[in-house]
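What follows is a short report on a single structure.
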Amino acid sequence: MSYEKTFSLHIFTLNAGGGHYATLKALNAIAEQQKRPWHITVTDIGQLTDLLDPYKKLFGVNANEMYNDMLSMDWTWFHPVSMFLDKFFINLLYSKAVELGEKHWSQQTSIDLVISLVPLHNRAIWESLQRVQPGTPMVTILTDFADCPPHFWIEPKTKSYFICGTERATHQARALGVLKEYIVQTSGLIVHPRFYQPISSDRPNERPNLANGQ
């Protein structure tokens, strides 16, 4: 299949946990596999908003580093607290985040589609995008099985399309007031195309020897 036009995609990802960059790598691999005419620009939302990060000002490490440290120490019990603080600070600094977004978009040209692989920041991404490049479509791909409303993945006041990998996420989007035409349900989350490759084995004779207790 040949394409006449190259499409400019701007993707937001996040270095917190592994799912966001894993999804980005999967998308890149699928685009290459299908020979999609995509020119992809990637922005890490943590780097973009680094100047606003309250954790860095208070503790000397950014929010993503704190989250990854929490996971590495198995402090998942602290996640509800960190989620509350994240939402509080992002709401408090919302107007400044939109200003940063406007500056970011003013430096970009000819964007056909914005894809968000991140939570928490989608309202600011959408508003700043529409202020600078009105009419540019946006797609939010949930890399979790469900949302954690309010203001996590699904922002009903935007006109972003939401890719929901589970029925639960789809039901949440509808309950939050997202119009049906902006919800796309898939059968699971995005995985790398390597997942579908058959596993070959050249070791047919390597079977356990039950007689010897091996």
Side-chain angles (χ1 to χ4, degrees), residues 1-3 5-48 63-76 79 82-83 86 111-122 125 137-149 152-155 160-174 178 180-208:
M1 182 181 294
S2 61
Y3 300 91
K5 184 182 185 301
T6 298
F7 291 88
S8 176
L9 275 62
H10 198 109
I11 301 180
F12 284 93
T13 190
L14 179 66
N15 187 26
H20 312 285
Y21 269 96
T23 302
L24 173 65
K25 291 177 181 178
L27 283 173
N28 276 324
I30 292 168
E32 292 177 4
Q33 187 182 71
Q34 297 182 356
K35 295 181 171 53
R36 295 287 176 177
W38 295 349
H39 173 74
I40 298 176
T41 301
V42 178
T43 297
D44 189 299
I45 195 68
Q47 295 177 4
L48 180 62
N64 296 337
E65 291 172 329
M66 289 190 65
Y67 180 81
N68 291 332
D69 288 343
M70 179 186 72
L71 294 181
S72 67
M73 294 185 292
D74 198 24
W75 283 12
T76 51
H79 188 254
S82 66
M83 177 74 73
D86 288 345
I111 299 174
D112 293 302
L113 178 66
V114 172
I115 298 177
S116 172
L117 305 178
V118 304
L120 295 167
H121 300 275
N122 291 316
I125 292 173
M138 175 174 163
V139 173
T140 300
I141 302 177
L142 281 69
T143 63
D144 291 321
F145 291 116
D147 192 16
C148 185
F152 190 59
W153 280 106
I154 299 169
E155 292 287 358
S160 173
Y161 292 87
F162 297 97
I163 310 298
C164 302
T166 64
E167 289 187 7
R168 181 179 178 185
T170 298
H171 292 327
Q172 287 178 311
R174 291 173 179 168
V178 179
K180 183 178 180 180
E181 56 264 34
Y182 289 102
I183 303 172
V184 179
Q185 182 177 331
T186 61
S187 58
L189 307 184
I190 297 175
V191 296
H192 198 283
R194 283 198 306 265
F195 177 83
Y196 298 101
Q197 294 177 356
I199 299 175
S200 60
S201 175
D202 296 326
R203 300 179 295 178
N205 296 321
E206 292 189 16
R207 296 180 180 179

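Quantities reported herein were computed from a predicted structural model and do not represent experimental measurements.
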Could you grab the distance from atom [atom1] of [X] to atom [atom2] of [Y], nearest 0.5 Å is fine?
X    : Y    : atom1 : atom2 : result
L142 : I190 : CG    : CD1   : 10.5 Å
T170 : Q185 : OG1   : CD    : 3.5 Å
D86  : F152 : CG    : CZ    : 8.5 Å
C164 : I154 : SG    : CD1   : 5.0 Å
H10  : I115 : NE2   : CD1   : 11.0 Å
T43  : Q47  : OG1   : CD    : 8.5 Å

May I ask you to test the [X]-[Y] pair for a side-chain heavy-atom distance under 4.5 Å?
X    : Y    : value
R168 : H171 : no
M83  : C148 : yes
Y161 : E181 : no

Do you know the tightest heavy-atom contact between [X] and [Y]?
X    : Y    : result
V114 : I111 : CG2-CG2, 3.9 Å
P193 : A26  : CD-O, 4.1 Å
F162 : W153 : CE2-O, 3.8 Å
I125 : S116 : CD1-OG, 4.4 Å

Does H20 offer a backbone N or O that forms a donor-acceptor pair with the side chain of T143 under 3.5 Å? no

Can any side-chain N or O of N64 pair as donor or acceptor with the backbone N or O of A16 at less than 3.5 Å? no

In sequence, state the C-alpha distance, the side-chain angles, and the governing distance for L48 and F12, and then conclude on side chain to side chain contact (heavy atoms under 4.5 Å, CB included). CA-CA 10 Å; L48 180 62; F12 284 93; 4.0 Å; yes

Test side chain to side chain contact (heavy atoms under 4.5 Å, CB included) applied to [X] and [options], the passing residue:
X    : options             : result
W38  : T6, N28, L9         : L9
L117 : L27, L14, I45, V139 : L27
I141 : V184, L189, I163    : I163

Please determine whether side-chain hydrogen bond (donor to acceptor under 3.5 Å, both in side chains) holds for the pair T140 and S160, giving the CA-CA distance in whole Å, both sets of side-chain angles, and the decisive distance to 0.1 Å. CA-CA 6 Å; T140 300; S160 173; 2.9 Å; yes

Apply side chain to side chain contact (heavy atoms under 4.5 Å, CB included) to D112 and H39, showing your working. CA-CA 10 Å; D112 293 302; H39 173 74; over 6 Å; no

Would K5 pass as a cation-pi partner of F7, given that its NZ or CZ must be under 6.0 Å from the six-membered ring centre and within 45 degrees of the axis? yes

Apply the test side chain to side chain contact (heavy atoms under 4.5 Å, CB included) to residues S82 and M66: give CA-CA distance (whole Å), side-chain angles for both, the deciding distance (0.1 Å), then the verdict. CA-CA 9 Å; S82 66; M66 289 190 65; over 6 Å; no

